Asks: 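Sharing a structure here in structure tokens format.
Throughout, a chain's letter reflects where its sequence line sits, starting with A, and its residues are numbered from 1. These numbers come from a predicted model, not from an experiment.
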Amino acid sequence: MVTNSEIAAMLYEFAELTDLEGDVFKRNAYRRAAQSIEELDGDVAEYDREGRLESIPGVGKAIAQKIAEMVETGRSAKLEELRSKFPPGIVELMKVPEIGPRSLVRLHQELGIKDLEDLRQAALQHRIRSLKGFGERSEENILKGIAVVQGQGGRMLLGDALPIAEAIAAHLRAGGCEEVSVAGSLRRRKETIGDIDLLAGSDEPLRAMDRFVSYPRVASVVSRGPTRSTVRLADGTQVDLRVVPRDSYGAALQYFTGSKEHNVVMRRIAIQKGFRLNEYGLHRRDSGEMVAGAQEAEIYRTLGLDPIPPELREGRGEIEAAGEHRLPSLLRLEDIRGDMHVHTVMSDGRATMREIAEAAFRRGYEYIGVTDHSRSLHIAHGLTVDDLLASVEEARQLTDELGFPVLRGAEVDILEDGSLDYPDEALAQLDYVIGSVHSRFKMDRRTMTERVMTALSNRELNILGHPTGRLIGRREGYDIDIEQVMDEAARRGVALEVNGFPDRMDLSDLNCRKAIERGVTLVLDTDAHGVEQLDNMRFAVGTARRGWAERKDVLNALPLDQLRRFFRVAGA
DNA sequence: GCCGTTTTCGGCCCGACTGTTTTCAGTCG
């Protein structure tokens, strides 16, 4: 069967190929349709069967026909025809920075370049400078671009990028910039980041730029102007700084936070209402008078919208919701009362139960849950039943001694047949149970779904840990019907985890939203293996916010007595 | 290719920076 993401991938390919053909509007249309399919609740095949394809935003007659063909045959004749116009290596060439569709087509047509190696040779042999509009610098930049693609290529994890961004922001503040903010996809808390965007409001832009390029880890300056500069750090990370006058700071923050899709809609609305929106402010179209600019929220309010939190700005219906005053009241980090998934030295963690409890107390949590691995996970020193039961007593004593509730749970392996890795009698001694899949990832979709559904039917199970098993950039999630799992979890009172470990982020933002719509309770965890990793809770919160989560959707935003009641009801 | 509180046809966001140009195209975000 063709999945939604496979269809979306084909539509994205349509977009890239039509871009090469020279039609940016068609490209945008394909991209928009692809994005809609990615975010769709339910199978595209279902929409096709029911003749509802054209009800999907961005899908009209032509794309609906192509989708129908993809659903039925798994392919698209038109796509294959487009592909045949370009060499297969064109895909990797499109990833080279500095080379866009126009240049690429010319390099292909005029120099016969068909892959990365051809391009490198052409640059080294100085054949590119013979083309009109290209020169010596173009060849240098192309060689640099090739190095970037081959060097790291991939995107950074939010968890790696945010600390770097915050360090540079601190460097700017220390140099006299008063207003500095992280912007771009980092501010939206996207799980992976292409580059780091920073914004400064300053009436001395040149001084801010000097300070920026003097940051010790800057390896090279890619471009530099009075309002925008780009640098590359020693590890290859690209960082952009935009500097605007302070009375434009809010408009610039709005603009520079994105997403591109969100901004396109914002500007369209501005036009409809007789304004022009750019990074310097919101202006009346007729008189040019600036009506908003210093504060980000003003921009939204002046356009008749409630201010939209950065995490929602993905062009996923947030602007319509803001116009109708039905934006969610998003969960905040302060709403989280405890972390439910933390490992101790008993399995593969680095901190003792006491150290974790004390750290949790210092953070202002009202309780903490410690969860070590179960006996089958030898590689992580899973606990025997005896060790587990002994630690239940340790948690009790610690609770009494500290006057701070330490809950004893476990992260129990969901075995191949869907059973849990401890007998029910042992599980019943715990405060709660997380079930996770840690083995046999390559099962087919039906078997894997059955396996997890069986685990959900165990009355001792309270939380499904990292429900899709993906590791960002390293491993796809296992093949599972996650929507069926969500429905069953909602029905059985099992919470689904939003694991904030930077390479997991599992559930993802889109899955959070789907889960909430299906009535699932989320639980936000760090999966910390050391006390410093308790800080990862902000990533789980960011992901849940991107999934439109409110406090009421989240288990560990509840006070302890209600949390315990959730566990009792689920097990009843 | 999509879409409609201006529109079923004619739009589709907007500005900074670079390189190769004597006025702008291409790329990026």
Asks: Looking at A:Thr230, does any N or O in its side chain come under 4.0 Å of the phosphate oxygens OP1/OP2 on B:dC28?
Replies: no
Asks: Would you kindly give the CD-to-P distance between A:Glu140 and B:dG19, to the nearest whole Å?
Replies: 9 Å
Asks: List every contact pair, protein side and nucleotides 7-16 of chain B side both N or O, where the distance is under 3.5 Å.
Replies:
unit_1, atom_1, unit_2, atom_2, d
B:dC13, O2, A:Arg267, NH1, 2.5
B:dC14, O4', A:Arg267, NH1, 2.6
B:dG15, OP1, A:Asn278, ND2, 3.3
B:dA16, OP1, A:Tyr280, OH, 3.0
B:dA16, O3', A:Thr227, OG1, 3.0

Asks: Applying ring pair (Phe, Tyr, Trp, His ring centres under 6.0 Å), can you list everything that pairs with A:His108, at least two apart in sequence or on another chain?
Replies: none
Asks: Counting only side-chain nitrogens and oxygens, does A:Lys66 get under 4.0 Å of the OP1 or OP2 atom of B:dG1?
Replies: yes
Asks: Within this structure, what is the CG-to-C1' distance between A:Leu131 and B:dT21, rounded to whole angstrom?
Replies: 15 Å
Asks: So which one's nearest nucleotide on DNA chain B is more toward 5', A:Arg224 or A:Gly58?
Replies: A:Gly58
Asks: Please confirm whether the shortest side-chain N or O distance from A:Asn141 to OP1 or OP2 of B:dT18 is below 4.0 Å.
Replies: no
Asks: So what does A:Val265 hit on the nucleic acid, given a heavy-atom distance under 4.0 Å: a base, only sugar-phosphate, or nothing?
Replies: nothing
Asks: B:dG4 and B:dC13: how far apart are their P atoms, nearest whole angstrom?
Replies: 15 Å
Asks: Taking atom C1' in both B:dT18 and B:dT23, what distance in whole Å separates the two?
Replies: 15 Å
Asks: Among A:Leu253, A:Thr227, A:Leu199, whose side-chain contact (heavy atoms from CB on, under 4.5 Å) with A:Val244 holds?
Replies: A:Leu199
Asks: Whom does B:dT27 pair with, Watson-Crick or G-U wobble, provided both distances fall under 3.5 Å?
Replies: B:dA16
Asks: Taking the P atom in each of B:dG10 and B:dG15, what is the distance between them to the nearest angstrom?
Replies: 25 Å
Asks: When you measure from the centre of the six-membered ring of A:Phe14, is the NZ or CZ of A:Lys78 under 6.0 Å away and within 45° of the axis?
Replies: no
Asks: When rounded to the nearest Å, what value does the distance between C1' atoms of B:dT20 and B:dT27 take?
Replies: 14 Å
Asks: Tell me whether A:Asn278 contacts the main-chain N or O of A:Gly281 through its side chain, where contact means a donor paired with an acceptor under 3.5 Å.
Replies: yes
Asks: For A:Arg470 and A:Asp506, indicate whether the former's side chain and the latter's backbone hold a donor-acceptor pair under 3.5 Å.
Replies: no
Asks: Taking only the P atom of each, what is the distance from B:dC2 to B:dT6 in whole angstrom?
Replies: 23 Å
Asks: Which residues pass the side chain to side chain contact (heavy atoms under 4.5 Å, CB included) test with A:Ala294, sequence neighbours left out?
Replies: A:Glu298
Asks: Looking at every strand, decide which applies to A:Lys132 at a 4.0 Å heavy-atom threshold: base, sugar-phosphate, or nothing.
Replies: nothing
Asks: So what does A:Arg32 touch, heavy atoms closer than 4.0 Å: a base, only the sugar-phosphate, or nothing?
Replies: nothing
Asks: Would you kindly give the CD-to-C1' distance between A:Glu320 and B:dC3, to the nearest whole Å?
Replies: 14 Å
Asks: Could you go through nucleotides 24-26 of chain B and list every protein N or O atom that sits under 3.5 Å from one of its N or O atoms, giving the distance for each pair?
Replies:
unit_1, atom_1, unit_2, atom_2, d
B:dG26, O3', A:Ser103, OG, 3.0

Asks: Under 3.5 Å, is there a donor-acceptor pair between the side chain of A:Thr73 and the main chain of A:Glu69?
Replies: yes
Asks: Specify the separation, in whole Å, of atom CD1 of A:Ile128 and atom C1' of B:dT20.
Replies: 15 Å
Asks: Which residue, A:Glu314, A:Glu311, A:Glu39, forms the salt bridge (charged side-chain N to carboxylate O under 4.0 Å, His left out) with A:Arg546?
Replies: A:Glu314
Asks: Identify, with sequence neighbours excluded, every residue that meets side chain to side chain contact (heavy atoms under 4.5 Å, CB included) alongside A:Asp535.
Replies: A:Arg363
Asks: Can you see if the side chain of A:Gln238 gets near the phosphate of B:dG29 - specifically, an N or O under 4.0 Å from OP1 or OP2?
Replies: yes
Asks: Holding to side chain to side chain contact (heavy atoms under 4.5 Å, CB included), I want the full list of residues that pass it with A:Asp195, two or more places apart in sequence or in another chain.
Replies: A:Asp197, A:Gln238, A:Asp240
Asks: B:dC17 and B:dC12: how far apart are their P atoms, nearest whole angstrom?
Replies: 25 Å
Asks: On DNA chain B, does the nearest nucleotide to A:Val222 precede the nearest nucleotide to A:Pro57 from the 5' side, or the other way round? Give the residue.
Replies: A:Pro57
Asks: I need the CZ-P distance between A:Arg27 and B:dC2, as an integer number of Å.
Replies: 16 Å
Asks: Could you work out the separation of B:dG11 and B:dA16 based on their C1' atoms and round it to a whole Å?
Replies: 25 Å
Asks: If I pick the C1' atom on B:dT5 and the same atom on B:dG1, what distance separates them, to the nearest angstrom?
Replies: 24 Å
Asks: OH of A:Tyr30 versus P of B:dC3: gap in Å, rounded?
Replies: 13 Å
Asks: Roughly, in whole Å, what's the span from CG in A:Leu198 to P in B:dG29?
Replies: 14 Å
Asks: Report yes or no: is the cationic atom of A:Arg129 (NZ for Lys, CZ for Arg) under 6.0 Å from the centre of the six-membered ring of A:Phe134, at an angle within 45° of the ring normal?
Replies: no
Asks: Distance check needed: B:dT27 P versus A:Leu20 CG, whole Å only.
Replies: 10 Å
